[in-house]
Amino acid sequence: SQYKYILSEKVGNQKNVGLVTLNRPKALNALCDGLINELSNAINKFEKDETVSAIVITGSEKAFAAGADIKEMLNQTYSANITGGLLEEWDTVSKCKKPIIAAVNGYALGGGCELAIMCDIIYAGETAKFGQPEVIIGTIPGAGGTQRIARSCGKSFAMEVCLTGNQFTAQEAFNRGLVSKIFQPDKVVEEAIKLGERISQHSQIIIQLCKESVNNAFETGLAQGLKFEKKQFYGTFATEDRKEGMTAFVEKRQPNFSNK
Ligand code: HXC
């Protein structure tokens, strides 16, 4: 493989799901710069690849990712954070226009938890462990933890997670709406790929508009979000796929989308 810290392949019956497996087992997939650069590169490639409709990010059964690489951060300085644009490369995942599913087993801690939450959907194994332990090592979440957990799960839970550093279970993450489904650990990746395949059956242009609209719920107030959604909805009528989808329904057949 061209990568040192990850594996990247196309999977599913139609090979239309991009699968990235974080593969730095000795460090429990600690997210060193090299790994994040490779992840960003792989996501960018899948984003440009027209044959790929959805992406799955996973780790191992022991660890999705145990956080940013503490050994690498140890001697990092404030000024180098600024001049080097620390964490900028992480945005590739949150900015990707295609759906990204996190398939989480084992530890998803610190930046690992934030990476999962950055994805559009989380599927978790029963024994997955989430947490934002940054305060334990004298820092705070820096890749969205304080913001996305607060928006998804409310203030009290976000505060408890971020201020204690305590881990929480897959069941708890599910109860709080952070995770959409829980599976046996050995089924998580397979189910995430199936989910990617299901999404891939739809028009990719419509999926992109839909993802953008849901994301708006996290970025704007309700009135603005509703207005944005309506514009996106109106916009679907400028596509051939909207016409095809509705025609197929009326003609009682499967749609044949052209992504136009
Ligand atoms: C660097 C790490 C690491 C990390 C584990 N390792 N987590 N290296 N950065 N985040 C390394 C260990 O040093 C060790 O290597 C090997 O992985 C196995 O880890 P152990 O601790 O021996 O395993 P175990 O006893 O099973 O404990 C697992 C664990 C623990 C509970 C996940 O490793 C742990 O607490 N890790 C740190 C979790 C954390 O604090 N994450 C947040 C990081 S800060 P060696 O070679 O030493 O034996 C962060 C900031 C985000 O993420 C900000 C924006 C991105």
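Note that ligands are numbered from 1 as they come in the structure, with each ligand's atoms numbered from 1 the same way.
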With the threshold set at 4.0 Å, does a side-chain nitrogen-carboxylate oxygen contact exist between E244 and R253? yes
For A143, the atoms of ligand 1 under 4.0 Å from one of its heavy atoms are 54 (C), 55 (C)
Out of L28, L31, L86, L115, whose heavy atom sits nearest atom 20 (P) of ligand 1? L28
Residue portion contacting ligand 1 (non-hydrogen atoms closer than 4.0 Å) for L87: side chain
A66 N/O to ligand 1 N/O under 3.5 Å: yes
Could you list which atoms of ligand 1 come closer than 4.0 Å to a heavy atom of P133? 39 (C), 40 (O), 41 (N), 42 (C)
Subset of ligand 1 atoms that lie under 4.0 Å from at least one heavy atom of K71: 13 (O), 15 (O), 45 (P), 46 (O), 47 (O)
Using a 3.5 Å cut-off on N or O atoms only, is I70 in polar contact with ligand 1? yes
Got a sec: does the CD of E50 have more than 12 other heavy atoms crowding it under 6.0 Å? no
Looking only at heavy atoms, is any part of I136 under 4.0 Å from ligand 1, and if so is it the side chain, the backbone, or both, or is it neither? neither
Parallel, tilted or perpendicular, as decided by the 30° and 60° cut-offs, for the rings of F157 and F168: perpendicular
Are more than 12 heavy atoms from other residues, nucleotides or ligands located less than 6.0 Å from atom CZ of F174? no
Identify, by atom number and element, the atoms of ligand 1 in contact range of M73, meaning under 4.0 Å from any of its heavy atoms. 44 (S)
Using heavy atoms and a 4.0 Å limit, tell me yes or no: is K26 in contact with ligand 1? yes
Using the side-chain hydrogen bond (donor to acceptor under 3.5 Å, both in side chains) rule, take T21 and N23 through it: C-alpha gap first, then chi angles, then the decisive distance, then the call. CA-CA 6 Å; T21 306; N23 186 31; over 6 Å; no
One finds that the ligand 1 atoms under 4.0 Å from a non-hydrogen atom of G67 are 52 (O)
Please report which non-hydrogen protein atom sits nearest to atom 44 (S) of ligand 1, along with the residue it belongs to and the distance in Å to one decimal place. I137 CD1, 3.6 Å
Give the atom numbers and elements of ligand 1 that come within less than 4.0 Å of a heavy atom of E114. 51 (C), 53 (C), 54 (C), 55 (C)
Under 4.0 Å from atom 48 (O) of ligand 1, can you find at least one protein heavy atom? no
Does the protein place any heavy atom closer than 4.0 Å to atom 30 (C) of ligand 1? no
Flag A68 as yes when one of its N or O atoms lies below 3.5 Å from any N or O atom of ligand 1, and as no otherwise. yes
Near-ring test Y107/F64, centroid separation under 6.0 angstrom: no
Test of understanding: clusters of I, L, V, M, F, W, Y form through side-chain heavy atoms closer than 4.5 Å, transitively. Do L87 and Y5 belong to the same one? yes
With a 4.0 Å cut-off, would you call E240 and K243 a salt bridge? no
Between T164 and I136, is there a side-chain heavy-atom distance shorter than 4.5 Å? no
Identify, by atom number and element, the atoms of ligand 1 in contact range of A27, meaning under 4.0 Å from any of its heavy atoms. 2 (C), 5 (C), 6 (N), 11 (C), 17 (O)
Take atom 33 (O) of ligand 1 and look for protein heavy atoms under 4.0 Å from it; say yes if you find one, no if not. yes
Will you find, in the side chains of N216 and E229, an N or O donor that is under 3.5 Å from an N or O acceptor? no
Side-chain heavy atoms under 4.5 angstrom apart, residues restricted to Ile, Leu, Val, Met, Phe, Trp, Tyr: same cluster for V104 and I43? yes
Sub-3.5 Å N/O-N/O distance, G111 and ligand 1: yes
Using heavy atoms and a threshold below 4.0 Å, how should the contact between A30 and ligand 1 be classified: side chain, backbone, both, or neither? side chain
Counting only heavy atoms from other residues, nucleotides and ligands, does the tally under 6.0 Å from CG of D186 exceed 12? yes
So V161 and N166, side chain to side chain contact (heavy atoms under 4.5 Å, CB included) or not? Walk me through it. CA-CA 6 Å; V161 163; N166 291 345; over 6 Å; no
If you apply the rule side chain to side chain contact (heavy atoms under 4.5 Å, CB included), what do you find for I101 with C119, and how did you get there? CA-CA 6 Å; I101 303 146; C119 296; over 6 Å; no
Using a strict threshold of under 4.0 Å (side-chain N to carboxylate O), is an ion pair present between D120 and K211? yes
Please report which non-hydrogen protein atom sits nearest to atom 35 (O) of ligand 1, along with the residue it belongs to and the distance in Å to one decimal place. L109 CD1, 4.7 Å
Please lay out, stage by stage, how K260 and T239 fare under the test side-chain hydrogen bond (donor to acceptor under 3.5 Å, both in side chains). CA-CA 6 Å; K260 287 192 179 123; T239 68; over 6 Å; no
Less than 4.0 Å from atom 52 (O) of ligand 1, is there any heavy atom belonging to the protein? yes
Show the atoms of ligand 1 that are less than 4.0 angstrom away from any heavy atom in G110. 42 (C), 52 (O)
Exercise check, heavy-atom protein proximity under 4.0 Å to atom 17 (O) of ligand 1: yes
Given the protein's heavy atoms, is any one of them under 4.0 Å from atom 38 (C) of ligand 1? yes
Protein heavy atom under 4.0 Å of atom 9 (N) of ligand 1: yes
Measuring from the heavy atoms of K62, does anything fall under 4.0 Å of ligand 1? yes
